[in-house]
Enquirer: 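The structure under discussion is supplied below as structure tokens; questions concerning it will follow.
These numbers come from the heavy atoms of this one structure, side chains and all, not from hydrogens, waters or symmetry mates.
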Amino acid sequence: MGRQFLELLAREASAVEFEGPIIEARARGADPATIEELEQAKVEALKVRDLLKRRARREAELSALYDTAGDLAALRDLDAVLEAIVHRARQLLATDVAYMTLHDPEQGDTYMRVTDGSISAKFRALRLAMGAGLGGLVAQTATPYSTADYFADARFRHKHHIDEAVKEEGLVAILGVPLRLGQRVIGVLMAANRSARPFHQEEVSLLASLAAHAAVAIDNARLLQETRNALEELSQAHRTARAHGEAVERAALAHDRMTSLVLRGGGIEDVAAVVTDVLGGSLAVLDDLGRPLTGDVGELDAGVFESAQASRALGRTVRRGDLLIASVDVGGEPLATLILRSDDADERILERAALVCALLLLFRRSVAEAEGRVRGELLDDLISRPSSPGLADRARRLGVDLSAPHVVVVVRHEGQRERAAFWASSQATLRHGLAAGRAGEVVLLLPGANAGGIAQRVAAELSASLQVPATAGASKVCLPGAPGAGDVAAAYQEARRCAEALIALGRAGDGASAAELGFVGLLVGDGRDVRGFVGRVLGAVIDYDARRGTALADTLAAYFGSGGSPSRTAEAMHIHVNTVTQRLDRIGKLLGDGWLEPERALEIQLALRLHRLGHTSTP
């Protein structure tokens with residue numbers, strides 16, 4: 001009886017053909033029991049048929065992913081790989097159209113990169129702002145979205161030009177998944193139908209797998225191109241050096257000496273020593289900001305820096321009076337400038353020396369950036385992922401002792417983000433701390449206990465480096481013992497509030513902790529150290545009263561309460577006005593000059609109120 005259904009399964013018959021054996025049995029006049037048995041066999045056979053279809057579909061999906069991985073391994077043409085991924089997405093999901101959009105960092109939106117099955121020129125040229133349309137929503141939230149009926153779906157912002165393009169293409173049901181590299185969304189992979197249909201979870205997962213392959217392909221292509229460019233630059237530099245070396249024996253010898261120094265671990269000073277030994281004269285090496293790294297050729301005027309700019313533009317040495325100037329840039333930004341004071345010297349040797357110095361500085365920067373990323377990731381984990389395992393071990397490998405007192409510093413700035421991050425990374429490395437660069441701010445975790453002093457130093461030094469005000473807030477991490485990430489997170493939030501408070505108070509470019517902000521510190525500090533605040537502001541008066549049995553604090557409160565009138569103060573306290581005057585003189589000596597200035601007087605009144613309400617005493 002079951003043989004008929006097995007034959008149907010074997011030849012992959014359609015679902016309707018499985019009714020055949022039952023119809024034949026009824027035609028033969030089979031009894032009800034036989035018909036029932038056949039019905040059950042049909043149900044089981046259809047279940048097996050569905051299982052085989054799902055397995056076949058899964059096998060096709062895995063085969064497509066395997067083929068995609070093979071394409072990536074033999075990556076030669078990024079366009080071909082992306083087109084294959086989009087085409088496979090369309091085939092596997094059985095949709096009318098599939099397409100891919102990529103993020104444009106310059107315009108801040110996404111644009112069509114690859115389409116398959118599209119017939120509308122307007123649709124293929126479409127650009128989607130972040131959050132606009134279904135694709136913009138996926139790019140903004142980094143979350144898959146699908147809609148069975150695009151025009152009836154109100155979960156995303158409909159834009160007229162987007163809806164027009166979608167309507168011209170005739171799309172109704174759309175599914176989109178993000179293309180992610182780490183935490184960054186670089187685009188969206190989408191599949192769409194020209195009729196209403198739901199998208200199942202298996203289809204979402206499959207499209208997400210293809211999107212992951214596409215993201216890898218894009219990143220690999222970028223890395224491959226960068227590697228090719230770097231190899232080409234290095235090859236060109238080598239060919240140039242070799243040609244000059246063959247043409248001029250003296251230049252070759254100097255180049256060999258400098259190269260040998262670098263290979264033995266020599267630095268900028270060693271290269272400068274070779275140049276002056278071969279060419280004579282005096283040499284100075286300047287960094288990207290025009291600050292001397294080594295040597296001294298006297299005071300430099302603006303014309304020298306204009307000549308350095310011309311040297312970078314021309315790619316050769318420029319002479320200015322008795323100075324020879326060779327400067328090297330990377331990506332249009334100066335990297336190293338060599339200034340030789342000499343009447344007559346071989347310009348080619350100076351150019352080679354400038355190139356070697358630039359490579360040394362670039363190597364230092366690359367190493368610093370790599371270490372800075374590691375330190376930044378650890379600091380991010382300390383702040384945002386309290387339960388991450390192995391934080392102390394990771395810190396120990398970087399030379400950071402989390403069991404020692406530390407200070408979290410948040411620096412707000414409007415300068416160059418890369419320069420600020422590089423400065424912070426260098427400081428963290430030198431001081432055995434951690435640093436992370438973010439939009440508009442850098443965060444440091446530095447050893448020490450004086451939060452205010454560290455904040456002031458960091459603000460001053462970063463402001464000088466950026467040539468714009470950098471405002472630093474700081475907070476001490478709760479220790480002893482290895483700090484939990486929660487401690488660092490709380491200190492980070494307090495430090496941010498301190499920096500924001502400084503800016504709000506018109507003190508941009510300054511640095512402080514909650515302790516240095518006076519009564520404002522009570523509002524921004526997590527500790528809410530009322531006792532410490534009262535002690536700092538009013539401690540001298542309170543201690544004097546305690547030792548002498550006087551009533552200076554009460555007199556001060558009555559004085560402020562009477563509007564600053566000694567006579568009304570005397571009436572309120574039932575004492576002579578001369579006594580009030582004497583007490584105020586004593587208070588002035590204890591509190592120091594300026595205690596009646598508006599801001600200081602406000603702090604004193606707040607401290608008096610807190611002291612009276614809480615019966616606070618100084619330590």
Enquirer: Would you say His406 and Val400 make side-chain contact, with heavy atoms under 4.5 Å?
Expert: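 In contact.
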Enquirer: Hey, is CG on Asn578 packed in by over 12 heavy atoms from elsewhere, all under 6.0 Å?
Expert: yes
Enquirer: With a 4.5 Å heavy-atom cut-off, do Leu556 and Trp595 have their side chains touching?
Expert: yes
Enquirer: Out of curiosity, Leu446 CG to Gln427 CD, how far, rounded to the nearest 0.5 Å?
Expert: 7.5 Å
Enquirer: First locate atom CD1 of Ile454, then atom OG of Ser475, and finally report the distance between them rounded to the nearest 0.5 Å.
Expert: 11.0 Å
Enquirer: I want to check something: taking the side chain as every heavy atom from C-beta on, are Val408 and Val443 in contact at a cut-off of under 4.5 Å?
Expert: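 Yes, side chains in contact.
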Enquirer: Looking only at the side chains, is there a donor atom on one of Thr337 and Ser327 sitting less than 3.5 Å from an acceptor on the other?
Expert: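 Yes, because at least one side-chain N or O of Thr337 sits under 3.5 Å from a partner of the opposite role on Ser327.
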Enquirer: Are any non-hydrogen side-chain atoms of Val477 and Leu445 less than 4.5 angstrom apart?
Expert: yes
Enquirer: Can you check whether Glu461's main-chain N or O pairs, donor with acceptor, with Ser465's side chain at less than 3.5 Å?
Expert: no
Enquirer: Output yes when a side-chain donor or acceptor of His413 lies under 3.5 Å from a complementary backbone atom of Val411, and no otherwise.
Expert: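 Such a contact is absent between His413 side chain and Val411 backbone.
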Enquirer: Begin from the C-alpha positions of Val177 and Tyr145 and carry the test side-chain contact (heavy atoms from CB on, under 4.5 Å) through to its verdict.
Expert: CA-CA 7 Å; Val177 296; Tyr145 276 89; over 6 Å; no
Enquirer: Within the side chain of Ser425, is there an N or O that forms a donor-acceptor pair under 3.5 Å with the backbone of Ala421?
Expert: no
Enquirer: Grab the two heavy atoms, one from Gly509 and one from Thr471, that are nearest each other, plus how far apart they are.
Expert: N-OG1, 2.9 Å
Enquirer: Side chain of Thr110, backbone of Leu128: donor and acceptor closer than 3.5 Å?
Expert: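 Yes; at least one donor-acceptor contact below 3.5 Å.
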Enquirer: Please test His103 against Asp109 for side-chain contact (heavy atoms from CB on, under 4.5 Å), starting from the C-alpha separation and ending with a verdict.
Expert: CA-CA 6 Å; His103 177 61; Asp109 60 2; over 6 Å; no
Enquirer: For the residue pair Ala499 and Ala472, what are the closest heavy atoms and their distance?
Expert: CB-C, 4.3 Å
Enquirer: For a 4.5 angstrom cut-off between non-hydrogen side-chain atoms, does Leu134 reach Val188?
Expert: no
Enquirer: If only side-chain N and O atoms count, and only distance matters, is there a donor-acceptor pair under 3.5 Å linking Arg583 with Thr555?
Expert: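 Yes, side-chain donor-acceptor contact under 3.5 Å.
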Enquirer: Are any of the side-chain heavy atoms of Met573 and Thr579 separated by less than 4.5 Å?
Expert: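 Not touching, per the 4.5 Å side-chain cut-off.
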Enquirer: If I compare all heavy atoms of Arg157 with all of Met130, which pair ends up nearest, and what's the gap?
Expert: NH2-O, 3.2 Å
Enquirer: Between Leu338 and Leu283, is the side-chain contact (heavy atoms from CB on, under 4.5 Å) condition met? List the steps.
Expert: CA-CA 7 Å; Leu338 272 62; Leu283 176 72; 4.1 Å; yes
Enquirer: Donor-acceptor pair, distance only, cut-off 3.5 Å: does the side chain of Asp545 make one with the backbone of Leu552?
Expert: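 Side chain of Asp545 to backbone of Leu552: a pair is present.
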Enquirer: Any idea which heavy atoms bring Ile325 and Ser311 closest together, and the distance?
Expert: O-OG, 3.6 Å
Enquirer: How far does CD1 of Ile186 sit from CG of Leu102, to the nearest 0.5 angstrom?
Expert: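 Output value for this atom pair is 6.5 Å.
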Enquirer: With respect to Tyr559, which candidate in Ile587, Leu596, Leu608 satisfies the side chain to side chain contact (heavy atoms under 4.5 Å, CB included) definition?
Expert: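 Only match with Tyr559 under side chain to side chain contact (heavy atoms under 4.5 Å, CB included): Leu596.
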Enquirer: Measuring from Gln309:CD to Asp329:CG, what's the distance to the nearest 0.5 Å?
Expert: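 Rounded to the nearest 0.5 Å, the CD-CG separation comes out at 10.0 Å.
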Enquirer: Kindly compute the distance separating CZ (Arg412) from CD (Glu414), expressed to the nearest 0.5 Å.
Expert: 8.0 Å
Enquirer: For Pro405 and Lys476, which heavy atoms make the closest approach, and how far apart are they?
Expert: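 That would be CB-CE, 4.5 Å.
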Enquirer: In Å and rounded to the nearest 0.5 Å, what is the OH to CG distance from Tyr544 to Leu590?
Expert: 7.0 Å
Enquirer: Heavy atoms only: give me the nearest Leu137-Phe156 pair and the separation to one decimal.
Expert: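 Shortest heavy-atom separation between Leu137 and Phe156 comes out as CD2-CB, 3.8 Å.
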Enquirer: State, yes or no, whether a side-chain contact exists between Leu286 and Ile339 at a heavy-atom distance under 4.5 Å.
Expert: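 Contact flag for Leu286/Ile339 side chains = yes.
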Enquirer: Under 4.5 Å between any side-chain heavy atoms of Thr101 and Tyr111, yes or no?
Expert: no
